[in-house]
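None of the values given here were measured: they were computed from a predicted structure.
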Amino acid sequence: MNSLSIVVPIFNEAENVVRLHEEIRTVCDKLDRHYEIIFVDDGSTDGTAEVARKLSPLKLICLRRNFGQTAAMDAGIKAAENDYIVTMDGDCQNDPADISRLISHLEENNLDIVSGWRKNRKDSFLKRFTSRGANLLRYIMVHDNIHDSGCSLKIYKRECFEGVNLYGEMHRFIPALLKIKGFTIGEIVVNHRPRTAGKTKYNWKRTIKGFLDMISVWFWHKYAVRPLHLMGTLGIVMLLLGAASGVWTTINFIRGQSLTDDFQAFLTITFIAVGLFLLVFGLIADVLVKIYYGNKIDMPYSVKEVFESDETGKD
């Protein structure tokens with residue numbers, strides 16, 4: 001029977017970690033699988049790490065400062081040792097009772113990833129409105145075929161993360177990134193609970209970062225291994241426009257029009273210069289992509305320490 005790693009990024013959740021750990025442990029004990037619980041403290045300042053140290057079984061990873069939810073999730077995923085990796089938020093809004101349903105759906109349908117869908121969200125109107133707008137835009141741009149990419153409650157087979165590094169707000173787009181690599185994705189409706197303790201970490205800055213990362217995922221999906229196709233195509237279009245503009249400029253010159261007063265001549269030069277720039281930029285990007293795939297990428301965070309209690313999960 002496949003073993004289980006539960007990865008939970010936490011930031012200033014001192015009021016929630018005890019309850020969340022107890023709920024996760026209760027669910028995992030009933031599953032009769034070997035499991036580990038991994039909390040990643042993302043530079044909390046409210047004593048979250050101190051509270052978590054008293055919990056068992058637990059692997060606690062403490063980052064040196066607040067690097068963000070994606071970096072914390074990446075650190076936890078890389079520390080996970082079991083066959084299945086479940087990710088979830090540390091605010092107790094995700095329900096650990098759904099873990100067994102995620103596992104069942106994954107195994108019964110032979111999937112690589114199963115994502116939770118918070119169909120009935122217990123958040124503020126503004127947060128739900130923003131999220132739905134982002135989901136619509138994500139559906140148009142990245143086509144990951146799930147309703148709620150922002151839901152952290154997901155299960156993955158361990159091999160999904162081989163060679164994968166997360167950054168920015170990329171935790172929202174993990175299914176899209178893995179779909180690009182050919183992994184299969186499913187989705188089930190999960191329970192979403194209102195926050196009863198602690199403060200939300202959601203703000204407008206995360207929305208903007210998420211949008212920019214969405215553009216990055218779109219580009220990665222379309223042109224990650226062939227940036228020259230995008231830049232080269234744009235460059236050729238600009239050169240063709242430059243050629244057409246040049247023909248028109250030549251005709252005007254033959255008719256006796258002075259080139260010093262002709263805006264068309266300036267436009268011709270601009271089109272040709274931009275076209276050549278795009279072609280050269282595309283070639284450079286192509287070389288950089290080959291370097292990227294040929295070398296190990298540095299991690300965007302630093303782990304201060306790893307604490308693990310003596311008691312282990314149920315065999």
Side-chain angles (χ1 to χ4, degrees), residues 1-9 20-21 23-40 57 59 69-70 72-90 92-121 135 138-139 142-166 170-193 217 221 312-315:
M1 190 173 291
N2 290 309
S3 53
L4 194 63
S5 295
I6 315 296
V7 175
V8 187
L20 180 59
H21 180 272
E23 289 183 343
I24 293 173
R25 179 172 180 172
T26 299
V27 168
C28 290
D29 284 341
K30 292 179 180 178
L31 289 174
D32 194 31
R33 297 172 183 255
H34 176 75
Y35 70 89
E36 62 177 352
I37 304 173
I38 302 173
F39 282 1
V40 184
K59 179 184 290 185
Q69 185 176 2
T70 300
M73 190 172 290
D74 190 64
I77 289 170
K78 284 182 169 56
E81 300 177 353
N82 293 329
D83 304 313
Y84 294 159
I85 298 175
V86 173
T87 61
M88 60 190 306
D89 286 331
C92 286
Q93 289 193 262
N94 293 144
D95 190 347
D98 286 316
I99 292 175
S100 59
R101 296 176 53 242
L102 290 171
I103 295 173
S104 297
H105 194 75
L106 183 85
E107 295 179 338
E108 291 170 3
N109 296 278
N110 194 28
L111 298 168
D112 298 308
I113 309 116
V114 177
S115 179
W117 174 15
R118 300 166 295 180
K119 193 172 184 179
N120 299 305
R121 292 188 62 171
N135 282 332
R138 174 190 48 77
Y139 175 80
V142 301
H143 305 293
D144 56 9
N145 297 323
I146 61 175
H147 292 85
D148 186 10
S149 181
C151 180
S152 295
L153 184 56
K154 296 179 174 70
I155 186 170
Y156 308 86
K157 290 182 178 177
R158 180 181 176 82
E159 56 264 30
C160 290
F161 293 104
E162 293 178 359
V164 174
N165 295 316
L166 305 176
M170 283 296 184
H171 68 279
R172 303 170 185 268
F173 309 111
I174 295 175
L177 292 170
L178 296 178
K179 185 181 178 182
I180 293 171
K181 293 178 175 289
F183 291 100
T184 54
I185 304 172
E187 183 179 49
I188 62 171
V189 175
V190 295
N191 183 32
H192 190 243
R193 307 182 293 191
V217 171
H221 174 58
T312 59
K314 184 176 181 180
D315 289 322

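- Y156 has its ring centre less than 6.0 Å from the ring centre of F161.
- For the pair I113 and I155, the minimum side-chain heavy-atom distance is 4.5 Å or more.
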*asked:* As a quick check of understanding, evaluate side chain to side chain contact (heavy atoms under 4.5 Å, CB included) for K119 and V190, giving each step before the final call.
replied: CA-CA 7 Å; K119 193 172 184 179; V190 295; over 6 Å; no
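- Distance check, rounded to the nearest 0.5 Å: CG of L31 to OG1 of T26 gives 11.0 Å.
- Using a distance-only test at 3.5 Å, with no hydrogens or angles considered, a donor-acceptor pair links the side chain of T184 to the main chain of D112.
- The shortest side-chain heavy-atom distance between I99 and L4 falls under the 4.5 Å cut-off.
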- [ ] Go through the steps for R101 and E187 under the test salt bridge (charged side-chain N to carboxylate O under 4.0 Å, His left out), then give the verdict.
- [x] CA-CA 11 Å; R101 296 176 53 242; E187 183 179 49; over 6 Å; no
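- The two residues D148 and S115 have their closest heavy-atom pair at O-OG, 4.0 Å.
- Note: I85 CD1 to E159 CD = 9.5 Å, rounded to the nearest 0.5 Å.
- Panel note: side chain R193, backbone C92; a donor-acceptor pair is recorded below 3.5 Å.
- Contact detail for A80 and V7: the closest heavy-atom pair is CB-CG2, 4.5 Å.
- Side chains of R25 and I37 form a contact here, defined as non-hydrogen atoms less than 4.5 Å apart.
- Contact of the H34 side chain with the N82 side chain is registered, since non-hydrogen atoms from C-beta on lie closer than 4.5 Å.
- Annotation: side chain of Y84 is in contact with side chain of K157 (closest heavy-atom distance under 4.5 Å).
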Apply side chain to side chain donor-acceptor pair (under 3.5 Å) to E36 and S5, showing your working. CA-CA 5 Å; E36 62 177 352; S5 295; 2.5 Å; yes
Practice task
Might you work through the side chain to side chain contact (heavy atoms under 4.5 Å, CB included) test for I188 and V114, ending with a clear yes or no?
Solution key: CA-CA 7 Å; I188 62 171; V114 177; 4.2 Å; yes
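- Expressed to the nearest 0.5 Å, how far CD of Q69 lies from CG of D74 amounts to 12.5 Å.
- N94 places no side-chain N or O within 3.5 Å of a backbone atom of M88 that could act as its donor or acceptor partner.
- Nearest approach of P57 to H21, heavy atoms of both residues: O-NE2, 2.8 Å.
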Criterion salt bridge (charged side-chain N to carboxylate O under 4.0 Å, His left out) on E81 and R158, from CA distance to verdict: CA-CA 8 Å; E81 300 177 353; R158 180 181 176 82; over 6 Å; no
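- Between the CD1 atom of I146 and the SG atom of C151 there is a distance of 8.5 Å, given to the nearest 0.5 Å.
- Across E23 and P96, no two heavy atoms sit closer than the pair OE1-CD, 3.4 Å.
- Panel note: side chain D83, backbone S3; a donor-acceptor pair is recorded below 3.5 Å.
- Within the 4.5 Å cutoff, side-chain heavy atoms of I103 are placed close to those of R33.
- The CD1 atom of I6 lies 10.0 Å from the CZ atom of F39; values are rounded to the nearest 0.5 Å.
- Nearest heavy-atom pair across V8 and G90 is CG1-CA, 3.6 Å.
- Side chains of T87 and L153 form no contact here, defined as non-hydrogen atoms less than 4.5 Å apart.
- Looking at every heavy atom in both residues, D98 comes nearest to N191 through OD2-N, 2.9 Å.
- Side-chain atoms of V164 and L166, non-hydrogen and from C-beta on, do get closer than 4.5 Å to each other.
- The closest donor-acceptor contact from the side chain of N109 to the backbone of H105 lies under 3.5 Å.
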